[in-house]
> 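Attaching a single structure in C-alpha cells format; questions to follow.
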Amino acid sequence: MSDSFLDLGETPQPAAAKGDAYRVLARKYRPQTFSQLIGQDAMVTTLGNAIKRDRLAHAFLLTGVRGVGKTSTARLIAKALNCIGPDGQGGPTIDPCGVCEPCRAIAEGRHIDVIEMDAASHTGIDDIREIIEASRYAAVSARYKIYIIDEVHMLSKAAFNGLLKTLEEPPGHVKFLFATTEVNKVPVTVLSRCQRFDLRRIPAELLAEHFAHVVAAEGFEAEPEALALIARAAEGSARDGLSILDQAIAHAGMEGEGVRADAVRAMLGLSDRGAIRTLFRLLLGGEAAPALAALRGQYDLGIDPQAVLRTLLETVHGVTLAKVGATPPAGQSSEEREALAHWAESLSFPMLHRLWQLLLKGHDEVARAALPIEACEMALLRVIHASTLPDPGELARALAEGRGPALAPATPSLASPAAPAAAPAAVAEPEPAPPALPDSVEAIAELLEKHGRHTLQVQVRNHVRPIRLEPPELEMSGARPLPTDFTRDLGLALREITGESWRILIGEGAGNPTLRETLAAQAEAERAEILASPLVMAAMAAFPGAELDHWKRKDGSIAR
C-alpha cells in the first residue's frame with residue numbers, strides 16, 4: 001500500500017495499456033523520487049544533507065499516521081542509497097535517476113538486496129534470526145543490503161531483543177529502515193539506535209490540490225467543493241483520500257457526470273452544509289419544531305445523527321474562528337463564509353462556548369445511545385432550551401442595577417451592551433487622627449501593617465484571642481498555640497512604634513475570637529443575607545446549580 005503524496009507535475013504516470021489489470025489510484029500515483037513526495041520537506045532536507053556529506057545513519061525509523069509516506073519513503077531511501085545513475089558510475093544521491101537497474105528493480109519490488117518484511121506476519125525471534133544471519137554476507141549486486149521492516153512495533157519482545165546487537169553495530173554494507181504507526185510500542189532501546197523521522201499529516205489544502213491533478217490525469221472533472229470534502233475526510237492521509245477519490249470517480253463514471261459535492265456527501269454520509277446552516281439558524285432562533293423537522297430530513301436521507309452534530313460543532317468552531325479574525329480554510333464556499341461572518345458579529349464568546357459544550361455533550365451521548373436519533377433530538381432541544389435562558393452577564397448587570405432578571409431573547413441581540421455610567425467621583429474626606437495608642441486588636445494589626453511588620457500583623461490576625469486590652473497592656477488567651485517568642489517580638493514592635501512600653505500577657509480562658517474568625521463569621525452572615533434576597537433567589541432559580549462566588553461590600557472590598 002502506498003503511504004505517499006505525489007505531485008503529478010513532476011512525472012506523469014503512463015496510462016494502463018488496454019487489457020492490463022486496473023491499479024487503484026493509491027498505487028498508480030506512488031512517488032518515484034523525493035521531489036514527488038510533498039508535505040515532508042524537513043525530512044527530505046535532512047536526508048539530502050546526510051547523503052551529500054556522507055553522514056548516513058545505519059538505521060532509520062519512520063513514524064506517522066497511516067498514508068503519509070512511511071513505506072514509500074523507505075523505498076525511496078533504498079533507491080537513493082543504491083542508485084548508480086544512467087551511466088552506471090553514480091553514487092548515493094537524493095535524486096535517484098529511476099532508470100538504472102537498481103532503481104527499476106527496487107521500484108518493481110524485485111531487487112535481491114532490498115528485503116521487505118511485514119512485521120505483523122513475521123513477529124518471532126526466528127524471523128529476526130534469519131535477518132541477523134543474512135546480514136553477515138555482503139550485498140549481491142547493490143551498494144547496500146537494505147532491510148525494510150514495516151509495522152515494526154508488531155515484533156515480539158524476544159525479536160526486538162535479538163535485533164539489538166546487530167542494530168547497534170551492523171556491518172557497513174547493511175541499512176535498516178523501520179516504519180510504524182505506533183512508535184510508542186517500539187522499545188526505547190531500539191529507538192535510541194535509530195535516526196527517527198516523524199512524518200506529518202498532509203494539509204487538506206495540499207491534498208485537494210493533489211486530487212485535482214489526479215482527476216485531470218484520469219480524464220475526469222470534479223467540483224472544487226467535492227475535492228475539499230474528500231481532503232477533509234482523508235484526515236491528512238494521501239492514501240485514504242485517493243481511495244475515497246477512486247470511489248467517487250467510479251460513482252461519477254456510472255452517472256456519466258463529474259465528481260460532484262452532493263454525490264461525495266451522500267457517499268461519505270456527510271450532512272449537506274447548507275442544510276446544517278439552516279438547522280443552526282433554527283437552533284439559535286429557538287424554533288424547536290422546525291429544527292427537529294430539519295434533523296429528521298437529514299436522517300431520512302441517510303445522514304448519521306452523530307455526523308449532524310459533528311457538522312454543527314464544525315459550524316460553531318468556524319464561527320469562533322471568524323470572530324477572532326482567523327483566515328478561513330481553503331475550499332470554503334462564499335455562502336458559508338458570509339453566514340459564519342454574520343453569526344460571528346451577532347454571537348458572543350460566552351454563547352459560542354456554551355453552544356460548543358452543549359453540542360459536544362450531545363455528540364458523546366449519541367455515540368453511546370441505544371436510540372441515536374432520539375438522543376440527537378434531545379440534545380438539540382437542550383440547545384434550544386439554553387438559548388432561551390438569560391445571559392449570565394446581562395443577569396449580573398441587572399442584579400447590580402437592582403432590576404429583576406429578564407429572560408434573554410431567543411436570538412442574540414446584535415447591539416452591543418450599553419456602557420455603564422461613570423460613577424461619581426468620591427469626595428475625599430480627611431482621615432481622623434489616630435489615637436495615641438491602639439485600642440483594639442484590629443487597630444494593633446493595622447498599625448503593624450502600616451509600619452511594615454507584615455509577619456507580626458498576620459500572626460496577630462490569626463492567633464491572638466484577646467481577653468483584655470487596656471493600652472499599653474494586652475492580655476490574650478493561651479488556649480491556642482502561639483509562635484515562639486511571639487509575645488516578646490510583639491511588645492518590642494509596639495514599643496518601637498508607639499514609644500510606650502507594652503506588657504503582653506498570657507491569661508487563662510478561651511478569650512474572644514481572632515480577627516480572622518470574626519471576619520469569617522461576618523462574611524458568612526453577609527452570604528446568608530445575600531442568598532435570602534429576592535433578586536438572588538430569582539437568579540438561582542433561573543440558573544439551577546449556580547453558586548455565589550463573591551460579592552462586593554459597600555466599602556468596595558470583595559468578599560468570598
Side-chain angles (χ1 to χ4, degrees), residues 1-17 20-41 43-44 47 60 62-83 93-111 114-118 146 148-151 177-181 197 199-203 206-220 227 230-231 234-250:
M1 298 292 290
S2 170
D3 285 308
S4 61
F5 178 61
L6 176 64
D7 180 5
L8 299 180
E10 295 292 335
T11 53
Q13 300 292 320
D20 289 351
Y22 175 72
R23 287 192 301 162
V24 296
L25 299 180
R27 294 186 58 194
K28 185 176 182 180
Y29 295 100
R30 171 178 292 172
Q32 301 300 317
T33 64
F34 281 105
S35 61
Q36 298 173 2
L37 187 68
I38 299 178
Q40 315 298 343
D41 296 338
M43 179 196 65
V44 174
L47 286 174
F60 298 89
L62 306 172
T63 180
V65 299
R66 75 221 180 272
V68 294
K70 299 183 296 298
T71 305
S72 293
T73 300
R75 293 170 181 169
L76 290 177
I77 293 175
K79 276 188 182 181
L81 297 182
N82 286 325
C83 178
T93 174
I94 194 64
D95 296 313
C97 65
V99 298
C100 64
E101 176 58 25
C103 284
R104 288 188 287 109
I106 293 172
E108 296 170 6
R110 55 178 176 83
H111 200 292
V114 178
I115 301 95
E116 292 192 32
M117 187 184 87
D118 176 21
I146 296 177
I148 299 175
I149 303 180
D150 203 3
E151 302 300 334
L177 302 176
F178 301 141
T180 178
T181 54
F197 291 101
L199 278 66
R200 301 179 179 180
R201 291 180 184 269
I202 303 170
L206 290 179
L207 283 178
E209 181 181 351
H210 170 53
F211 297 155
H213 289 303
V214 172
V215 170
E218 292 294 308
F220 288 87
L227 298 180
I230 295 174
E235 297 181 346
S237 169
R239 183 178 61 222
D240 288 6
L242 287 172
S243 298
I244 298 172
L245 181 61
D246 224 341
Q247 184 180 357
I249 291 176

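All figures in this text were calculated on a predicted structure; none of them were measured in a lab.
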> Run the side chain to side chain donor-acceptor pair (under 3.5 Å) test against T180 and tell me which residues pass, sequence neighbours left out.
H153
> Could you give the distance from CD1 (I115) to CD1 (I149), rounded to the nearest 0.5 Å?
10.0 Å
> Between I148 and V114, is the side-chain contact (heavy atoms from CB on, under 4.5 Å) condition met? List the steps.
CA-CA 7 Å; I148 299 175; V114 178; 4.0 Å; yes
> Measure across A74 and L177 and return the closest heavy-atom pair with its distance rounded to 0.1 Å.
O-CD1, 3.2 Å
> Looking at I230 and A248, what are the two nearest heavy atoms and their distance?
CD1-CB, 4.2 Å
> Between V44 and I94, what is the shortest heavy-atom contact and its length?
O-CD1, 4.1 Å
> Taking only residues two or more places apart in sequence, or in another chain, which ones meet E218 in a side-chain contact (heavy atoms from CB on, under 4.5 Å)?
L25, K28, Y29, V214, F220
> Under a 3.5 Å distance rule, please check whether K70 uses its side chain to pair with a backbone N or O of V65 as donor and acceptor.
yes
> Taking atom CD1 of I244 and atom CD1 of I249, what is their separation to the nearest 0.5 Å?
12.5 Å
> Go through M43 and L62 one step at a time and tell me if the side-chain contact (heavy atoms from CB on, under 4.5 Å) criterion holds.
CA-CA 10 Å; M43 179 196 65; L62 306 172; 4.3 Å; yes
> Write down the atom of R239, the atom of G67, and the distance for their closest heavy-atom approach.
NH2-N, 3.5 Å
> Nearest 0.5 Å, what's the OG1-CG distance between T73 and L47?
8.5 Å
> Less than 4.5 Å apart, any side-chain heavy atom of D246 and any of L242?
no
> Please report the interatomic distance NE2(H213) to CG(L227), rounded to the nearest 0.5 Å.
11.0 Å
> How long is the straight-line distance from CZ of R201 back to CG of L206, given to the nearest 0.5 Å?
14.5 Å
> Could you walk me through whether T71 and R75 pass the side-chain contact (heavy atoms from CB on, under 4.5 Å) check?
CA-CA 6 Å; T71 305; R75 293 170 181 169; 3.8 Å; yes
> Report the residues that fulfil side chain to side chain donor-acceptor pair (under 3.5 Å) with R200, sequence neighbours left out, ordered by chain and then residue number.
none
> With side-chain contact (heavy atoms from CB on, under 4.5 Å) as the test, would you mind laying out the steps for H111 and E101 before giving the verdict?
CA-CA 9 Å; H111 200 292; E101 176 58 25; over 6 Å; no
> Test your reading of the model: is there a side-chain donor-acceptor pair from S237 to the backbone of R66, 3.5 Å cut-off?
yes
> Considering all heavy atoms of both residues, which atom of G98 and which atom of R104 are nearest to each other, and what is their separation?
O-CG, 3.6 Å
> Rounded at 0.5 Å granularity, tell me how far CG in L245 sits from CG in D240.
12.5 Å
> How close do C97 and C83 get, counting heavy atoms only, and between which atoms?
N-SG, 3.4 Å
